[in-house]
Amino acid sequence: MQQTSPDNHENTGKSPVAIVIVNYNAGAFLAKCVATIMQTADSVVIVDNASTDTSLLALAGRFQNEPRLNVIHNSSNLGFSAGCNIGLDATDTPYVLFLNPDCQLEKQSLTCMLQVLESDPQIGMVGGYLVNPDGTEQGGGRRKIPTPWRAFVRATGLHHLSKFWPGLFPDFHLHRQPLPDQPVEVEAISGAAMLVRRHAIQEVGQWDENYFLHCEDLDWCMRFRQHGWKIMFVPDAKIVHYQGACSKSRPFFVAWHKHKGMVYFYKKFFRQQYPGILMNLVAVGVWLRFSITVLYSALYYFAKFLRPKHET
């Protein structure tokens, strides 16, 4: 495919950005998300993974006869990576914003991200300033790659020593650090909001569909950096993320795929760098974490079920 000049939109007035949203039972969040970005995009592609709620009905009711909106219906839930690739194939713009349906961009956020992406041809993707509904910064928007050692440091609590020995006990979460006053290069951003250069995708490859849910964004960040592409975090691009809106109804299903993705991620990128016994310990640690997560959730829901219901 011929590479499109990043400046073409300045002459044509056409936005160089298409937005891909993978939806699965996002409810009212989907239409709200689309409303925040519809006026700043060339097109919006919704890839629906066989939702059973009213999210698509609400979307259709709010955006009737909108020519820039394209809804693709999957007959089953194919997962996030596969959905992103389907949406990507349905676009032809030089830049693509992959956006979760439970995200809401502030008015100038996409413009800020686009300006950074176009400022340097070596920048492959940019992410915005993800915040919780209460305004606090959300983890994952800017981070380091969680290598096996960094994951061990985090899991054991040794990351608290990073203030004294940051090189020995690093923490891959960066959201507790002061917010930078300008865009900065980072190792990884969140797949909740990724503005990506199509030319970079053509070199790096599409999303890895071996991931169903979670860790696919880390995988892509790893591959982008391996090919020499920069990843930028843009603090002026504020994005409110109602994290978990699409997955809270199925916590065990989500936890299973999250931990399965973690094991695959570590094997894919680090099995040649670390001894086999260490990689096995990492896998054991991941599944132990999964077991604890499931046990905690089961006890929580059991206690909630047994809690006396007060009459209204």
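The NZ atom of Lys107 sits 13.5 Å away from the CG atom of Leu105 when rounded to the nearest 0.5 Å. Going from atom NZ of Lys268 over to atom SG of Cys215 covers 11.5 Å, rounded to the nearest 0.5 Å. Interatomic distance, Ile72 CD1 to Ile86 CD1, rounded to the nearest 0.5 Å: 7.0 Å. Of the inter-residue distances, the one linking Lys267 atom NZ with Met262 atom CE reads 13.0 Å to the nearest 0.5 angstrom. How far CG of Asn85 is from CH2 of Trp207: 8.5 Å, rounded to the nearest 0.5 Å. In this structure, NZ on Lys238 lies 5.0 Å from CD on Glu106, to the nearest 0.5 angstrom.
Counting heavy atoms from C-beta on, the side chains of Val131 and Ile239 never come closer than 4.5 Å. Under the 4.5 Å side-chain criterion, counting only non-hydrogen atoms from C-beta, Thr40 is not in contact with Val17. A heavy-atom distance below 4.5 Å is found between the side chains of Leu59 and Ile46. Between Leu179 and Phe233, the closest side-chain pair of non-hydrogen atoms falls below 4.5 Å. When side chains are defined from C-beta on, Arg142 counts as touching Pro180, because their heavy atoms get closer than 4.5 Å. Between Leu218 and Pro146, the closest side-chain pair of non-hydrogen atoms falls below 4.5 Å. The shortest distance between side-chain heavy atoms of Ile19 and Val96 does not fall below 4.5 Å. With contacts defined as side-chain heavy-atom distances shorter than 4.5 Å, the pair Asp89/Gln206 qualifies.
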Inset, instruction - Begin with the C-alpha distance, continue with both residues' side-chain angles, and end with the deciding distance and a verdict on side-chain contact (heavy atoms from CB on, under 4.5 Å) for Leu97 and Met194. - result: CA-CA 6 Å; Leu97 174 64; Met194 276 182 169; 5.6 Å; no

Legend entry - Steps toward side-chain hydrogen bond (donor to acceptor under 3.5 Å, both in side chains) verdict (Asn132, Gln243): CA-CA 8 Å; Asn132 297 303; Gln243 193 171 27; over 6 Å; no

Inset, instruction - I would like to know whether Glu137 and Arg176 meet salt bridge (charged side-chain N to carboxylate O under 4.0 Å, His left out); could you show each step before the answer? - result: CA-CA 8 Å; Glu137 185 174 359; Arg176 300 189 187 280; over 6 Å; no

Legend entry - Worked verdict on Ile21 versus Val45 for side-chain contact (heavy atoms from CB on, under 4.5 Å): CA-CA 6 Å; Ile21 301 173; Val45 179; over 6 Å; no

Inset, instruction - Step by step, work out the side-chain contact (heavy atoms from CB on, under 4.5 Å) result for Phe80 and Tyr24. - result: CA-CA 9 Å; Phe80 182 73; Tyr24 179 75; over 6 Å; no

Legend entry - Trace of the salt bridge (charged side-chain N to carboxylate O under 4.0 Å, His left out) decision for Arg143 with Asp217: CA-CA 12 Å; Arg143 50 186 165 167; Asp217 50 357; 2.9 Å; yes

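Between Ile145 and Glu187 the shortest heavy-atom distance is N-OE1, 2.8 Å. The nearest pair of heavy atoms linking Asp181 to Pro235 is C-CG, 4.4 Å. Shown here for Arg68 and Met38, the closest heavy-atom pair between the two residues is NH1-O, 2.9 Å. Closest approach of Leu78 and Asn49 over heavy atoms only: N-OD1, 3.3 Å. Closest of all the heavy-atom pairs between Leu99 and Cys33 is CD2-SG, 3.5 Å. Contact detail for Val196 and Leu117: the closest heavy-atom pair is C-CD2, 4.2 Å.
Gln226 meets the side-chain contact (heavy atoms from CB on, under 4.5 Å) test with Met222, Arg223, Phe269; sequence neighbours excluded. Scanning for ring pair (Phe, Tyr, Trp, His ring centres under 6.0 Å) contacts around Tyr129 gives an empty result, with sequence neighbours left out. For Phe212, the ring pair (Phe, Tyr, Trp, His ring centres under 6.0 Å) partners are Phe253, His257, not counting sequence neighbours.
A donor-acceptor pair is defined here as one N or O able to donate and one able to accept, closer than 3.5 Å; no such pair exists between the side chain of Arg197 and the backbone of Pro94. Of the possible donor and acceptor atoms, one in the side chain of Gln138 sits under 3.5 Å from a partner among the backbone N and O of His241. Arg198 places a side-chain N or O within 3.5 Å of a backbone atom of Thr93 that can act as its donor or acceptor partner. Asn100 places no side-chain N or O within donor-acceptor distance of the main-chain N or O of Asp102, the cut-off being under 3.5 Å. Distance alone, capped at 3.5 Å, places no donor-acceptor pair between the Asp48 side chain and the His73 backbone. In this structure a side-chain-to-backbone donor-acceptor pair under 3.5 Å is missing from Ser55 to Leu30. At distances below 3.5 Å, at least one donor-acceptor pair connects side-chain atoms of Glu216 with backbone N or O atoms of His214. Under a 3.5 Å cut-off, the side chain of Asp42 and the backbone N or O of Ala18 do not form any donor-acceptor pair. A side-chain donor-acceptor contact under 3.5 Å links Ser81 to the backbone of Asp208. Asn74 places no side-chain N or O within donor-acceptor distance of the main-chain N or O of Ser76, the cut-off being under 3.5 Å.
Note on Trp229 and Val184: same hydrophobic cluster, where clusters join Ile, Leu, Val, Met, Phe, Trp and Tyr whose side-chain heavy atoms are under 4.5 Å apart, directly or indirectly.
Within 6.0 Å of NZ in Lys32 there are 12 or fewer heavy atoms belonging to other residues, nucleotides or ligands. Atom CG of Asp134 is surrounded by more than 12 heavy atoms from other residues, nucleotides or ligands within 6.0 Å.
Between Phe29 and Tyr242, the angle of the ring planes lies from 30° to 60°, which puts this pair in the tilted group.
Taking the centre of each ring, Trp220 and Tyr211 stay at or above the 6.0 Å mark.
Exactly one residue among Ile123, Thr111, Asp236, Leu195 makes a side chain to side chain contact (heavy atoms under 4.5 Å, CB included) with Val116. That residue is Ile123. With Val204 as the fixed residue, the side chain to side chain contact (heavy atoms under 4.5 Å, CB included) test singles out one of Arg225, His199, Met125, His227: His227.
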